[in-house]
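Ligands are counted one by one from 1 in listed order, and the atoms in each one are counted from 1 as well. Positions are given from 1 along the sequence.
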Amino acid sequence: MSDFRDDGAAALEWAASYLERVRDLPVLSQVEPGTIRAALPDRAPAEPEPFAAVLRDLDEVLMPGLTHWQSPRYFAYFATTASEPGILAELLVAALNQVGILWRASPALQELEEVTLAWLADLLGLPEGLHGHIEDTASTGLITALAAARAASPGKRVVVCSEHTHSSTAKAARLLELELRPIPGDENHAMRADQADLSDACALVATIGTTSSAAVDPVPALADLCADAGVWLHVDAAYAGSAAVCPELRPHFAGWERADSVGVNPHKWLLTPMDCSAFWSRRPDDLRNAFSLVPEYLRVSEDVVSLSEYGMPLGRRFRALKLWAVLRCHGREGLQAVIREHVRLAALFEGWVRDEPGWEICAPRHFSLVCFRLEGSDEENEALLERVNATGLMFLSHTRLGGRFVLRLAIGNARTTEDDVRLAWDVLRREAR
Ligand SMILES: Cc1ncc(COP(=O)(O)O)c(C=O)c1O
């Protein structure tokens, strides 16, 4: 164990110093495809190597091939933060190596997961008494929701969503042999409820905070339609859901309390290391109908339903420990402070773009994502994005809205300061010239 203590101290020192210097590293990895593979041996070593060799190669071989999601100037896709309590909890999760195949295999894993998701539901203003469990990703949550919806409405095989719904819905539908029916978005990129035909649908997926532009679908109207038609309503709030911790942002979440299932990714905007996707449902019996299959070797005498009966995986990681650590060590007020600061910084950036001749804002901003572009051709904007990312000073991504190439700046890292956002804007304007 002395090696473990010494190596552990070295790994923790590595992690702490990484977090201190990450702001100075090139945000987007600049390596060519295949570079890292070529730098690695073809075979695993025959003789044991010291852990120090792993740390050395992390620095010398792998580091150039890392895009730094922990960088304060990571603004691409949806920016994230693995906060310190979550990182430390991951270490403990690995040390404990709980495998939650059923309740008795780890009562604390299951019960902490249930309690932590009830805490999180409460923090986000979701109703009491929902079934809650943790999935690896929102994509898996989509499969869970659509499989339950399909089983609950035999003979109905259509999934209604918007043209802006995340591709994980299409993937889940394809896997479950359901037909996807995307309907157009309005001028703000929100789903047009008046276009939703639910007559042969088993599910409707509404999004609060779409991936392209963080648009908010009209969930109250869609919930009415779903209730009338007996259709399962899944609300995908993978990115934006964490913002409901702030009461002033709750109006965007109107109606989500009526959903049959809801997904929120704490690994996106709630300071939790990848992976941790919260899934709630008010129809746990329908989840069990779709997923419960208990073989003889897992039969037990105690009267407890294991979490493996509500979704696809049998074994589950002790993810609740890191979410619990994050909720406890930041507290409601700490989480609110981070989200509020990100929304403030996004609003500031939006204002700078709006006030600058030659630039335009391309979508209403609800949360911490700004969609904008240089007034000019798609090619100019695409080239600008490439130049900006090649500086290594920041990383932005793009989308297409109304057929046009649009730049996205998403704020979600707890270390991002006003100076970082200012620098991003300066680099954008400089490279545009
Ligand atoms: C709205 C939305 N839903 C689902 C997903 C998929 O998330 P995951 O990577 O957890 O599957 C994303 C990813 O960005 C998203 O933005």
Answer yes or no: is there an ion pair linking Glu350 with Arg354, defined by an N-O contact shorter than 4.0 Å?
yes

Which residue is it: His330, Gln70, Lys322? I am looking for the one with a side-chain hydrogen bond (donor to acceptor under 3.5 Å, both in side chains) to Ser83.
His330

Hey, does Ser139 come in under 3.5 Å of ligand 1, counting only N/O atoms on both sides?
yes

Taking a cutoff of less than 4.0 Å between a non-hydrogen atom of the residue and any ligand atom, is Thr210 in contact with ligand 1?
no

Of the listed options His166, Met274, Lys268, closest to atom 7 (O) of ligand 1 (non-hydrogen atoms):
Lys268

Taking Glu84 first and then Arg415, would you say they form a salt bridge - that is, a charged N and a carboxylate O separated by under 4.0 Å?
yes

What part of Asp275 sits under 4.0 Å from ligand 1 if we count only heavy atoms: the side chain, the backbone, both or neither?
neither

Does an N or O anywhere in Tyr239 fall below 3.5 Å from an N or O of ligand 1?
no

Mind checking whether Leu117 and Phe279 have side chains closer than 4.5 Å, heavy atoms only?
no

For His267, the ligand 1 atoms with a heavy-atom partner under 4.0 Å come out as 10 (O)

Sub-3.5 Å N/O-N/O distance, Ala138 and ligand 1
yes

Pair Glu179 + Arg157: basic N to acidic O under 4.0 Å
no

How does Thr137 reach ligand 1, by side chain, by backbone, by both or by neither, if only non-hydrogen atoms under 4.0 Å count?
both

Per-atom contacts, ligand 1 versus Asn265 - under 4.0 Å to a heavy atom
7 (O), 8 (P), 10 (O)

So does Glu177 pair up with Arg150, basic N to acidic O under 4.0 Å?
no

Stepwise side chain to side chain contact (heavy atoms under 4.5 Å, CB included) check, His166 with Val205:
CA-CA 10 Å; His166 187 264; Val205 177; over 6 Å; no

Can you check whether Val216 reaches Asn188 side chain to side chain, under 4.5 Å on heavy atoms?
no

In ligand 1, the atoms that come under 4.0 Å of a heavy atom of Ser168 are 4 (C)

Measure the shortest side-chain to side-chain distance between Gln110 and Arg316 over non-hydrogen atoms and say whether it is less than 4.5 angstrom.
no

Does some non-hydrogen atom of Ser277 fall short of 4.0 Å from ligand 1?
no

Identify the protein heavy atom lying closest to atom 15 (C) of ligand 1, giving its residue, its atom name and the separation to 0.1 Å.
Thr211 OG1, 3.3 Å

Taking only non-hydrogen atoms of Ala240, do any sit less than 4.0 angstrom from ligand 1?
no

Please find out if less than 6.0 Å separates the ring center of Phe349 from that of Trp425.
yes

Which atoms of ligand 1 have any heavy atom of Gly209 under 4.0 Å away?
1 (C)

Using a 4.0 Å heavy-atom threshold (strictly under), name the region of Phe78 that reaches ligand 1: side chain, backbone, both or neither.
side chain

Quick one: nearest non-hydrogen protein atom to atom 3 (N) of ligand 1, plus distance?
Asp236 OD2, 2.6 Å

Do any nitrogen or oxygen atoms of Thr207 come within less than 3.5 Å of a nitrogen or oxygen of ligand 1?
no

Taking the six-membered ring for Trp, are the ring centroids of Tyr77 and Phe395 within less than 6.0 Å of each other?
yes

